[in-house]
Visitor: 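Questions regarding the structure given below will be posed in turn.
One-based numbering, in listed order, for ligands and for the atoms of each.
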Amino acid sequence: MRVIGAADDELTIFERSSPGRRAFVAPALDVPERPLDALLPETLRRNQPPRLPEVSEPEIVRHFNRLSKRNFDLDTGFYPLGSCTMKHNPKVHERIAALPGHSKLHPLQDPRYAQGALELMWRLQEALSEIAGLPHVSLQPSAGSHGELAGVLLTRAFHEDRGERRTKVLTPDTAHGTNPATVTMAGYELVKVGTDARGNIDLDDLRDKASDDVACLMLTNPSTLGLFEPGIEEIERIVHGTGATLYYDGANLNAIMGISRPGDMGFDIVHFNLHKTFTQPHGGGGPGAGPVAVSERIEPYLPRPQVVKRPPGAGNGASGPFYDLDYDRPKSIGRLRGFQGNYGVFVRSYAYIRSLGAAGLHEASQVAVLNANYLLARLRREGVAEYLPAAYDRLCMHEFVLSGAPMKSELQIRTLDLAKRLLDHGVHPPTVYFPLIVEEALLVEPTETETKETLDHFADIVAGVLREAREDPEIARHAPYTTPVRRLDEAAAARHPVVRQPL
Ligand SMILES: *Cc1c(COP(=O)(O)O)cnc(C)c1O
């Protein structure tokens, strides 16, 4: 017999299986038994029982608990992943989202019996509209990238309605990978705009490329370099001058809430990542939401149906206002997904916005920017800049990019080695090798929810890893040492994922 002990941590749940072992035994049948043939045609039935592990309940609990501890998450440690806004997700949101009125609501419920949920969605639309500075919102898109697709489809509908056919979309060369992917998926030709020596959009390059076959410029401001575009008003004039739309990738909204608004900068369409800025737990492909806010001229094309508030006495028997789904949208780009979106995400983000209020959101952004600048200054004080200088030497917004180029040439360790070594210190590495235009890039976003002590500790760890590499670069080159798995072939893992045991 095989003895299963702590050392057998590597056993899969299938290897733990023992024939006949059960976690739960159903009570004896107290209704007449019916043959399966009467219930399901033969073609739909298995001819072999499913191959399931046979284990006891404690084994199941321990199996999943053990797996959960092998992952690194925000509730375990500091997670300064640039562009992803891994901020703390307040636990009260989970209590609210789990209330039966939210969690047990059927997505096809008649609006008459889902007034609370529709009101919450309508109020969330209003709040997002205020934050973006644009009058209309659709909650339908389910991720930032889905919001981008909505935005490009809205742009096409807008131009086609005016009898225009445009073929190109501009994105800066610092853009997040989803921007070019969206452009290609929507059937437009991608044209990249360069970045100047200060880290801003190269305005001359933009002027050259802004022709009347351009449909849209997709931009995030602050950019993925963590820098605010000082030329945004000139960019707006150039883009709108050609008749193109201006699309705002809202992934970096955490830097500017209540301070500046994309609508005021002249953007026509904005997406939000509720799972980044507005505290929905994310990562691992879990549910997200990428609502879009749009200007008056884009509104007719918004997805169908729209959540609307009808005045009292709108023919529905209600005495107060009535929250409804409006399907009567003849110019709409149509439905983007089943039902109305990931409702649990809406509940958490609405709880976040209401519990912080306007002043609280404003302060959250101020502290996010303060924390990033503090951490950058603190890293400099530790002498880190000699090997890991800021890619652009200016005040940053909520995140900043370091370049590991000197570290690579002088210490013979790469950004990837540093990132892996951080894992041994209980810190999730920042984003690496993005934006693509910075050599050996390290994109750091501390967020507003971390303490000064955590930021100081991070700066000390980075300085320590560089000191260690000066003595012996081999140590970082073979890191990590303390994680459940060591260095992986990430490209092979992504291309040939092995997610189940061969049968
Ligand atoms: C995360 C991100 C996106 C894509 O958002 P998803 O919700 O992950 O689809 C787009 N642009 C930027 C700058 C991002 O950081």
Visitor: In terms of residue, atom name and distance, what is the protein heavy atom nearest to atom 4 (C) of ligand 1?
Guide: T178 OG1, 3.7 Å
Visitor: Tell me the nearest of E399, K276, H176 to atom 1 (C) of ligand 1, using heavy-atom distances.
Guide: K276
Visitor: Using a 4.0 Å heavy-atom cut-off, which part of H146 comes near ligand 1: side chain, backbone, both, or neither?
Guide: neither
Visitor: Could you tell me which non-hydrogen atom of A186 sits nearest to which non-hydrogen atom of V152, and how far apart they are?
Guide: CB-CG1, 3.5 Å
Visitor: Is H271 in polar range of ligand 1, meaning some N or O pair under 3.5 Å apart?
Guide: no
Visitor: Mark up the atoms of ligand 1 that fall under 4.0 Å of a heavy atom belonging to A251, in ascending order.
Guide: 2 (C), 11 (N), 12 (C), 13 (C), 14 (C), 15 (O)
Visitor: Regarding K309 and E119, does a basic nitrogen lie under 4.0 Å from an acidic carboxylate oxygen?
Guide: no
Visitor: Check whether T220 reaches the backbone of D249 with its side chain - one donor and one acceptor, N or O, closer than 3.5 Å.
Guide: yes
Visitor: Look at atom 11 (N) of ligand 1 and say which protein heavy atom is nearest, naming residue and atom and giving the distance to 0.1 Å.
Guide: D249 OD2, 2.5 Å
Visitor: Can you give me the closest heavy-atom contact between Y301 and R329, atom names plus distance?
Guide: N-NH2, 4.3 Å
Visitor: Between T220 and ligand 1, find which residue part has any heavy-atom pair under 4.0 Å and reply side chain, backbone, both or neither.
Guide: neither
Visitor: Does any N or O in the side chain of E445 come within less than 3.5 Å of the main-chain N or O of S83, such that one atom is a donor and the other an acceptor?
Guide: yes
Visitor: Nearest to atom 15 (O) of ligand 1, what protein heavy atom do you find, and at what distance?
Guide: S83 OG, 2.7 Å
Visitor: For ligand 1, which atoms sit closer than 4.0 Å to a heavy atom of G144?
Guide: 5 (O), 6 (P), 7 (O), 9 (O)
Visitor: Please verify whether a non-hydrogen atom of H282 lies at under 4.0 Å from ligand 1.
Guide: no
Visitor: Give the numbers and elements of all ligand 1 atoms closer than 4.0 Å to a heavy atom of S145.
Guide: 4 (C), 5 (O), 6 (P), 9 (O)
Visitor: Show the numbers, then the answer: is there a salt bridge (Lys or Arg N to Asp or Glu O under 4.0 Å) between K91 and D75?
Guide: CA-CA 11 Å; K91 300 306 170 206; D75 290 346; 3.1 Å; yes
Visitor: Within ligand 1, which atoms have a heavy atom of N273 less than 4.0 Å away?
Guide: 5 (O), 6 (P), 7 (O)
Visitor: I'd like to know if K209 pairs up with D202 as an ion pair, taking the criterion as any Lys NZ or Arg NE/NH1/NH2 lying under 4.0 Å from an Asp or Glu carboxylate oxygen.
Guide: no
Visitor: Determine whether the side chains of D161 and H159 contain a donor N or O and an acceptor N or O closer than 3.5 Å.
Guide: no
Visitor: Which bit of A143 gets closer than 4.0 Å to ligand 1, counting heavy atoms only: side chain, backbone, both or neither?
Guide: both
Visitor: Is it true that K168 and D213 have a side-chain N and a carboxylate O under 4.0 angstrom from each other?
Guide: yes
